[in-house]
Structures are given as structure tokens and as C-alpha cells.
Colleague: 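Pasting in a structure now, in C-alpha cells, and then I'll have a few things to ask.
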2 protein chains.
Amino acid sequence: MKEGPDIAQIGALIGDPARANMLTALMGGKALTATELAGTAGITLQTASSHLSKLEAGGLISQRKQGRHRYFALADDDVGLLLESLMGFAAHRGFTRHRTGPKDPALRKARVCYNHLAGDYGVRMLDSLVAEEVITGAGDDLSLTDTGAEKMTALGIDLSALTRSRRPVCRTCLDWSERRSHLAGSLGQALLTLFLDKGWARRETDSRAVRFTGTGEKEFAKLFPLPA
Amino acid sequence: MKEGPDIAQIGALIGDPARANMLTALMGGKALTATELAGTAGITLQTASSHLSKLEAGGLISQRKQGRHRYFALADDDVGLLLESLMGFAAHRGFTRHRTGPKDPALRKARVCYNHLAGDYGVRMLDSLVAEEVITGAGDDLSLTDTGAEKMTALGIDLSALTRSRRPVCRTCLDWSERRSHLAGSLGQALLTLFLDKGWARRETDSRAVRFTGTGEKEFAKLFPLPA
DNA sequence: TTCATACTTCGATGCTAACCGAAGCATCGA
DNA sequence: TCGATGCTTCGGTTAGCATCGAAGTATGAA
């Protein structure tokens, strides 16, 4: 008896408020130091260190030493997807950490989901990519079409680099605000990077929100037209 | 600051071993009494009662009084999907409640995922439905085609009853053993019910495993051929 | 009415884990 | 070499919560 995976351990890891705050902060995609994470969680450095080692032992985060700093980040895409789906569930049930603040609309419009674009814009982008037949497939098995590959290359995305890695190129991620899928995977990451590199959008400091510039809005609308 | 949904509360709810065991038991799809749940969790009735009221307050389960029994079940499909995705994550990281037992192969082949079919057979079924163009759509936005609707009706499924409810007809659910999607939603539920009603398969007692009969295997293979 | 079953509530206990102060290690700059 | 910064480890405290015994409520059967 007691067959199957043990969800209690992961639940307990995420279930502590301090750890949950750290993980949510790391959903911003940036690697953060222990001091920064302690700050966002509102705890001392010692306590944060203890939490971080637990999260690392559980495989949720990974650390990278750089000089006298230690940068922590989510271990991989799977962790990001799991956290986003948890957020979707929580948001739908009314579990919010604070009454919805002024930043909320910006977050719902466009935000970083670990390493790709989420929110209304993220969902619209996937919709458009599917309508334009850049991406096909049902369920979670998305794949890039031949014409899609051409279009992405024309945008300046190095597809050979994406396919070389073991990570899936296209994945779906359940959006917590829209309750629909947006594009994750290495292609999703590459597209967000593209937007930021071209100056079409920029990240807000201390928030997951992504703010598009005027030309960014236009280019985005041109690249990803809404299906009629 | 501290924008966004609060994942800590849900994590804490799932994070207790006793509660996690109860939830996993309820993933079998059958409504269970407090006494039964206390048994599977290995705790006394009082403790179980306390846990159950917490889970209900958190919106994870719902109860239905019937005579002097109280039957508990997962609150809705969303809870099932969340738990399954948590299990997928846990299984992938090696969080198992016991070393993989003899029941494990049967579970991986075919099992109940709250109210629909999961495991190898569940994934194969969705693959086939997509290949046969019964279901189309990318990402999580699946929909039934016209020819698909005819086929389902021919099988004896009352589609009008399915569409009448507010629940989505087709949804994807990430399979923890296969790490690919299978079919959830009211159609997924109707199909599992069909298999059981026709005697093609039956549920094992005290397990999520589903065992197909000889004719059941044949009918299943005929209805859902593997894409070439 | 009376007893039995199913479950909840109350109260007390005990254990775990989050927390912080203080001290210890590692890295960098001067 | 020395101090400063960033982080970990250790030890002790505290608070929360899971747990169970005992008593209370509801439903059904005799």
C-alpha cells in the first residue's frame, strides 16, 4: 500500500510562507543572492540560509557560486511550471497574499514566468502562433512547423542552439491570471529574451511585471496578430 | 510588494503527510467516509476529522451527508489536475512514499485520475483521439470536432449532457507516470465511465489501478488505434 | 426508548520546525 | 595581513500544530 509519489514533501517545502515567498521571488527569473531573498521573505540571513539549503536538497532550486556571492535560481523549467500552476489554483480560490494592489493589472497584462512571457500577452502570443501555424500539436505536445522555423530564424532566433539542448523547444504553461496556456520551453525563453534585447519591453525592478514600450506594442501586434 | 497568489497556504495543506495520504486516496475518484480516510492515513478518527475540516475550509474537498455517513470527495476537477501534476513532479524527483511496489506496473499501465483514465492507456487514448481528428486544438484548448461528436454519440455518450454543464468538455491533465498529457474534462470522465459500464475494465479495490478485461483490451485497441 | 454507529468538539500533550543571536568560514579589496 | 562582506553552522528558545483521550451530537436500528 501507499503506492505512488509522495506529494507531502513537496507540499511541505512550498508550504512554509518564507520559502513560498522566496520561490515566488525567484519566479521573476533573475538569480538572487541569499541576502536579497532574506529581504523579500522578511527573515534574517541565518533563517534564509536554512530554508535555502532545504529547498536545494529538495531539488527546487540550485545555486551558483560567483566570487563571494551565491546566486540562487529555480532548478529548472519544471519547477517554474509547477509554481505557476499552483499560483493559478491559489488565485482561483482567492488565496492572495494581499488585497490585489495597483501592480496587479500590469502583472496580468504581461509578466515574467521564470524565463518566458506570461499574462494576457503570453496567452495571446501562443494563440497567434497556433493560428498562424507556426506551432502545431494538441495537448502538451507542441512542435514547431517548417514555416514556423523559418519565421523564427528570420526574427534572429538561433534554432539550432535551442534544439541542441535536452530541454523541449515548445511547452505549455498554465497561466495563473488567464487560466489558459502560454508558451514555455526554450523557444518561449528565446522570444522573451528577444523582446528585451530589442528594447521592445523591459522588466520592472522588484516585480515580475514586464512593460512594453510604444514601438514594442506595435511590433508585438504586428508579429502576433490576433486570430480573426 | 508581495503581489500575486499565495501558494504557501495550499502547500501547507498538502504538505502534511496525513492530509496528503487522504488526498491521494481521494484521487481514486470514489467518495470515502471519514473512517475510511482515517484508516488509509493511519490516524485516529478525531485527527482525521480535524484534517478534513481544514481541507474543506481550503476548498480542496467537499462533503456530502448521506444518512449517518459523510462522504468526502475532491472538490472539483481542478484539484485532481493539481494533485496529478504534483505527483508528476514528485515522481520525477524520486519522492516516492515507498520503494516502487508490485502494484506499480499496473498503475503505470492504467489508473483512475480522480474521474478519468490515466497512465499509458490514458495517454494513448488522447494521442489516438487527436490522430483520428476527434479532438483538435493546441495547448490546453482542446475541442471536439464535428466528426468526433458523431463518433462519441455513436459510442453511446450523451454529448448534450456534457455540454450543458459549466465544466469544460475536454481538458488536458499531465500524467505523472508518462509525463505527457491525457484527456480529462467531462468527456474524459464519460469515456472512463463507459469502459466500466460496458465491463471492458474494472477498478481494483483499494488502489487506483484499472484492469482491462480481454475483450476490453480488444475494444480499446479497436476504438483508439495507435497513430502509425 | 434504548443502544449502536458515525462523526465532531474540546482539552491536554508532545514534537517538530521556524526563528534568531553568536560564532565560524570563505572570498575579496587594500 | 587585515578588515569587510557574504553566507553557513551551532545552540537554544518559542510557537504552532498534529495527535489522541474523553465527552458531546446526530442518525439509524431495534
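Residue numbers start from 1 in every chain, and the chains themselves are labelled A, B, ... in the order their sequence lines are given, proteins ahead of strands. Computed over heavy atoms, backbone and side chain alike; hydrogens, waters and symmetry mates excluded.
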Colleague: For the pair made of CG in Leu55(A) and P in dA18(C), what is the distance, rounded to whole Å?
Modeller: 10 Å

Colleague: Can you measure Leu45(B) atom CG to dG21(D) atom C1' for me and round it to whole angstrom units?
Modeller: 13 Å

Colleague: Would you indicate what Thr33(B) reaches in the nucleic acid, counting non-hydrogen atoms under 4.0 angstrom: base, sugar-phosphate, or nothing?
Modeller: sugar-phosphate

Colleague: Nearest-Å distance, CE (Met22(A)) to P (dA18(C))?
Modeller: 11 Å

Colleague: If the threshold is 4.0 Å, N to carboxylate O, is there a salt bridge linking Lys109(A) and Glu217(A)?
Modeller: yes

Colleague: Once you round it to whole Å, what is the distance between P of dA4(D) and NE2 of His69(A)?
Modeller: 17 Å

Colleague: Applying a 4.0 Å non-hydrogen cut-off, can you work out what Ala18(B) is touching in the nucleic acid: base, sugar-phosphate, or nothing?
Modeller: sugar-phosphate

Colleague: Is it true that Arg179(B) and Asp78(A) make a salt bridge, defined as a side-chain N closer than 4.0 Å to a carboxylate O?
Modeller: yes

Colleague: Check this one for me: any side-chain N or O of His51(A) less than 4.0 Å away from OP1 or OP2 of dC19(C)?
Modeller: yes

Colleague: How close or far is atom C1' of dC7(C) from atom CD of Gln46(B), stated in whole angstroms?
Modeller: 10 Å

Colleague: Does a salt bridge link Asp77(A) with Arg171(A), judged by any charged N lying under 4.0 Å from a carboxylate O?
Modeller: no

Colleague: Give a yes/no answer on whether the side chain of Lys54(B) brings an N or O atom under 4.0 Å of OP1 or OP2 in dC17(D).
Modeller: no

Colleague: Between dC7(D), dC20(C), dC28(C), spot the one nearest the side chain of Arg68(A), thanks.
Modeller: dC28(C)

Colleague: Might you work through the side-chain hydrogen bond (donor to acceptor under 3.5 Å, both in side chains) test for Tyr121(B) and Glu178(B), ending with a clear yes or no?
Modeller: CA-CA 10 Å; Tyr121(B) 272 43; Glu178(B) 298 291 315; over 6 Å; no

Colleague: Who does dG29(C) pair with, Watson-Crick or G-U, both distances under 3.5 Å?
Modeller: dC2(D)

Colleague: Can you tell me how far P of dC20(D) sits from CD1 of Ile43(B), to the nearest Å?
Modeller: 7 Å

Colleague: Taking CG from Leu52(B) and C1' from dT19(D), how many angstroms apart are they, rounded to a whole number?
Modeller: 15 Å

Colleague: Rounded to whole angstrom units, what separation is found between the CG atom of Leu37(A) and the P atom of dT8(D)?
Modeller: 10 Å

Colleague: Side-chain N or O of Lys65(B) less than 4.0 angstrom from OP1 or OP2 on dA6(C)?
Modeller: no

Colleague: I want to verify a distance call: between dT8(C), dG6(D), dG21(D), whose nearest atom is closest to the Phe72(B) side chain?
Modeller: dT8(C)

Colleague: OP1 or OP2 of dT8(C) sitting under 4.0 Å from any side-chain N/O of Arg70(B)?
Modeller: yes

Colleague: Please work out which of the three classes, parallel, tilted or perpendicular, describes the rings of Phe224(A) and Phe195(A), given edges at 30° and 60°.
Modeller: perpendicular

Colleague: Hey, does the side chain of Thr47(B) come within less than 4.0 Å of dT19(D)'s phosphate (OP1/OP2), counting only N and O?
Modeller: no

Colleague: Which base sits across from dT5(C) as a Watson-Crick or G-U pair, both distances under 3.5 Å?
Modeller: dA26(D)

